[in-house]
Amino acid sequence: MCCRNVVTGNNPDQVMAKCRACVRARVSGDCIRPKQGCTVALSPWPPVGRPKKEPRKFRPASESDVAEAPPRSKRRTITPTEGGVTVQSLPPELLEEILSRVSVRDVIAFGATCSTFYQLSLSPSLWRRLCHHQAASGQLAAPPSTDWRRTAILKYSQGLQMHCLTGAGSWTSPWRSYRAATASLAVVPPSALGYIRLALTRDHVLVFDSRGTIFLLRNTLALSSHSPLVWRRAAGHSVLCQNAKDFAVDPRSNTSFSQFIYVLIGRGHAGSEPSPSMLQCDCVEVYQQDTGNRVFRMTFHTSMTFVQLRLTGSEVNRILLLLTDTGKVYKLSVNETQLNTSRSYTVQLVLKKISTFQPHVPVAQIHTSFSSILYLTGEGSAYVEAHSRGVYRHLFGTNQDYDPQDPHDAQTPLPLLLPYKVVKCSLGLSHLCLLDDCGRIFMQGINRFGQLGTGDKIDRGEPTQVVLNTLPVEVWCGLNHSLALLQKESGEKEVQGCGCGFGGRLPGCPKGSAVFIKLRISVPRAARSLCASKDCLFLLCCHDIAEPPLFRGLPPLREDEESEVERDERRRLLWQLAKLRECEGLGRKVGLLRQAVQKNMSISPAHQDFLVQALNAIHPVSNELTDQS
């Protein structure tokens with residue numbers, strides 16, 4: 001406790017002079033109680049720092065104070081009810097002027113607030129001004145006068161993200177920590193508008209946009225035996241050709257085989273040297289991939305219009321597959337060793353057996369591998385052609401129906417037994433993946449490294465469903481692994497993979513996985529497709545508002561969305577499956593399966609009777625097992 005002088009007289013200076021010695025003693029701690037003749041009261045010492053401010057007493061202002069005080073402007077808060085200005089009260093012309101000076105992302109976010117602002121964000125004049133601003137800043141060469149909103153969103157969302165895989169995803173040494181896949185953004189050409197698809201070659205990355213322009217992005221990866229992987233941002237690009245309908249390269253996973261680029265040119269353009277005789281027909285131009293120079297051109301009759309081009313086969317017997325606008329498939333053979341010779345010759349178009357096998361069903365898509373072809377019809381059916389005995393055995397698990405002596409047998413399309421409409425697919429060297437219109441994934445083929453994602457390493461000779469927790473956007477089948485681009489309910493996207501993880505093919509899972517797991521890859525929200533080589537994983541980004549939804553409905557119901565009866569039936573079947581795995585002997589397994597069909601499966605009586613009779617035909621057993629159970 002310390003002392004504070006309390007003034008009792010009219011002269012405070014006298015009191016302070018008398019108690020100065022006492023105050024010093026009390027501060028030093030020598031004085032405990034007041035001395036005689038000193039008017040002092042004990043109270044806590046004020047805290048160190050800013051002195052406590054005395055409460056201000058109210059005193060009425062006099063006329064002199066009012067006259068001398070300068071005028072002060074008071075800030076008054078205006079509420080909307082008092083006639084204030086809000087965003088809703090601004091006229092649409094002023095709001096459009098404000099939105100034309102912000103980015104495309106801000107305009108989309110502004111339109112997502114309410115229905116009134118959404119209708120305002122759809123103004124064609126607003127998006128036309130945004131497109132002109134992009135053209136003025138060098139981001140867009142010549143904005144088209146069509147759908148301005150689609151053009152601006154295509155330009156804003158397009159991009160190419162590259163993830164280095166060499167050395168990533170594995171433990172380089174015991175004293176080094178895990179290294180994740182490094183990402184880099186490729187350069188965006190100013191004249192590009194809306195990326196559609198990409199392809200990989202030895203020296204370049206080919207990007208195809210919505211205008212029909214093919215760009216060559218220089219490969220910026222450099223490997224050396226004395227230094228680690230050199231990774232730079234792709235900063236160089238060039239235009240290969242314009243007015244293209246489609247393009248194709250060697251479908252093998254090793255990019256060193258892609259020495260030539262085949263481009264399908266549409267009507268009205270015939271490469272760099274236009275000729276009046278070439279403007280009325282489609283043609284296929286062949287370019288050298290390392291130089292970008294055209295080395296060969298094939299022209300077709302004016303009555304034939306093609307929409308898709310794919311390659312298969314080896315260099316000496318390259319097969320070009322051409323899909324017409326009516327759904328017919330033609331093929332022609334080219335020897336790439338003779339493309340550099342300056343001579344002309346005639347090639348013959350031959351109608352494929354898929355078009356003669358089902359002439360009334362048009363083909364919608366063609367997917368190729370080195371020695372196999374996958375067709376998707378307009379009705380959603382899938383057919384496969386296997387051109388070698390080994391590929392046939394890998395895809396279907398047997399060589400019983402394959403006759404290598406019959407040359408027509410290798411061209412016979414084999415239907416894939418799937419009772420759903422297939423909308424997307426991916427074909428690898430020894431396995432394939434199908435996507436139906438409900439977002440379900442079906443895998444088929446060899447499963448030596450777990451690349452089918454079924455949880456085991458058993459080969460599948462027919463499509464087998466693989467359950468994923470999110471909706472797929474794109475699938476890709478590699479040499480011995482598979483990748484899937486998935487989209488969550490919130491709109492965020494991720495990449496999952498399965499199979500062999502050697503060489504960093506699966507970032508975050510160097511040992512590989514037999515099921516689809518999430519990979520350590522940052523995925524943009526606008527990603528639409530993916531592709532990979534042994535060094536890099538590429539994510540093509542673009543959002544097209546004019547594309548219809550790929551899936552007609554939601555995926556099958558999850559377990560938490562099932563009814564109570566379905567949930568009980570699932571639990572009973574899982575219990576029967578556990579008992580079936582534990583028991584030994586074929587007789588007991590058949591008996592348990594018959595019991596599950598009769599008591600725990602809610603199917604039609606005809607289907608139930610068929611399954612029971614089929615089990616009796618496979619292995620007849622007595623009813624003692626059923627009675628004991």
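Only this structure's heavy atoms are used, side chains among them; waters, hydrogens and symmetry mates stay out.
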Problem set entry | Residues F300, F306; criterion ring pair (Phe, Tyr, Trp, His ring centres under 6.0 Å); working and verdict | CA-CA 10 Å; F300 305 100; F306 302 102; 5.0 Å; yes
Problem set entry | Verdict with reasoning, V391 to S371, per side-chain contact (heavy atoms from CB on, under 4.5 Å) | CA-CA 7 Å; V391 173; S371 58; 3.0 Å; yes
Exercise. Quick one: does Q161's side chain have a donor or acceptor within less than 3.5 Å of a partner on S522's backbone?
Worked result: yes
For this session: Verify whether one side chain among S533 and D535 offers a donor that lies under 3.5 Å from an acceptor in the other.
Result: no
Problem set entry | Non-hydrogen atoms of G439 and L471 that approach each other most closely | CA-CD1, 4.1 Å
For this session: Evaluate whether atom CD of E315 has more than 12 neighbouring non-hydrogen atoms of other residues, nucleotides or ligands under 6.0 angstrom away.
Result: yes
For this session: Specify the closest pair of heavy atoms between R448 and D459, including all atoms of both residues, with the distance to one decimal.
Result: N-OD1, 4.0 Å
For this session: Applying side-chain contact (heavy atoms from CB on, under 4.5 Å), name anything that partners C500, two or more places apart in sequence or on another chain.
Result: F449, N480, F502, R505
Exercise. CG/D544 to CD/Q158 distance, rounded to the nearest 0.5 angstrom?
Worked result: 11.5 Å
Problem set entry | Lys/Arg-Asp/Glu bridge criterion (N-O < 4.0 Å) met for K353, E385 | no
Problem set entry | Shortest non-hydrogen contact between L154 and H543, atoms and distance | CD2-O, 3.4 Å
Exercise. Is the closest basic N to carboxylate O distance between D246 and R197 below 4.0 Å?
Worked result: yes
Exercise. If you measure from CG on L435 to CG on D437, what distance do you get to the nearest 0.5 Å?
Worked result: 10.5 Å
For this session: Verify whether one side chain among Q465 and T454 offers a donor that lies under 3.5 Å from an acceptor in the other.
Result: no
Exercise. Is the charged tip of R440 near the ring of Y420: under 6.0 Å from the six-membered ring centre and within 45° of its axis?
Worked result: yes
Problem set entry | Any side-chain donor near an acceptor of the partner, Y287 and Q289, under 3.5 Å | no
Exercise. How far does CD of E285 sit from SG of C241, to the nearest 0.5 angstrom?
Worked result: 6.5 Å
Exercise. Side-chain donor-acceptor pair under 3.5 Å between D282 and T305, yes or no?
Worked result: no
Seminar exercise, completed: In this structure, NE2 of H367 is separated from SG of C477 (nearest 0.5 Å) by 11.0 Å
Problem set entry | Over all atoms of both residues, closest heavy-atom pair of W476 and C531 | NE1-SG, 4.1 Å
Exercise. When you look at CD of Q348, are more than 12 heavy atoms from neighbouring residues, nucleotides or ligands closer to it than 6.0 Å?
Worked result: no
Problem set entry | Non-hydrogen atoms of Q444 and P463 that approach each other most closely | OE1-CD, 3.2 Å
Exercise. Side-chain donor-acceptor pair under 3.5 Å between Q496 and E494, yes or no?
Worked result: yes
For this session: Could you verify whether a donor N or O on one side chain and an acceptor N or O on the other, from H387 and T312, lie under 3.5 Å apart?
Result: no
Problem set entry | Pairing of D250 and R252 as salt bridge, 4.0 angstrom limit | yes
Exercise. Do R318 and F260 meet the cation-pi criteria used here (NZ or CZ under 6.0 Å from the six-membered ring centre, within 45° of the axis)?
Worked result: no
Exercise. With L485, which residues qualify under side-chain contact (heavy atoms from CB on, under 4.5 Å), at least two apart?
Worked result: V473, E474, K493, V495, V523, A527, L530
Tell me which donor-acceptor pairs under 3.5 Å the side chains of residues 320-328 have, and how far apart each pair is, sequence neighbours excluded?
residue, atom, partner, partner atom, Å
T324, OG1, T326, OG1, 3.1
T324, OG1, K328, N, 3.0
T324, OG1, K328, O, 3.2
K328, NZ, P359, O, 3.3

Exercise. What is the minimum heavy-atom distance between L434 and C425, and which atoms define it?
Worked result: CD2-CB, 3.6 Å
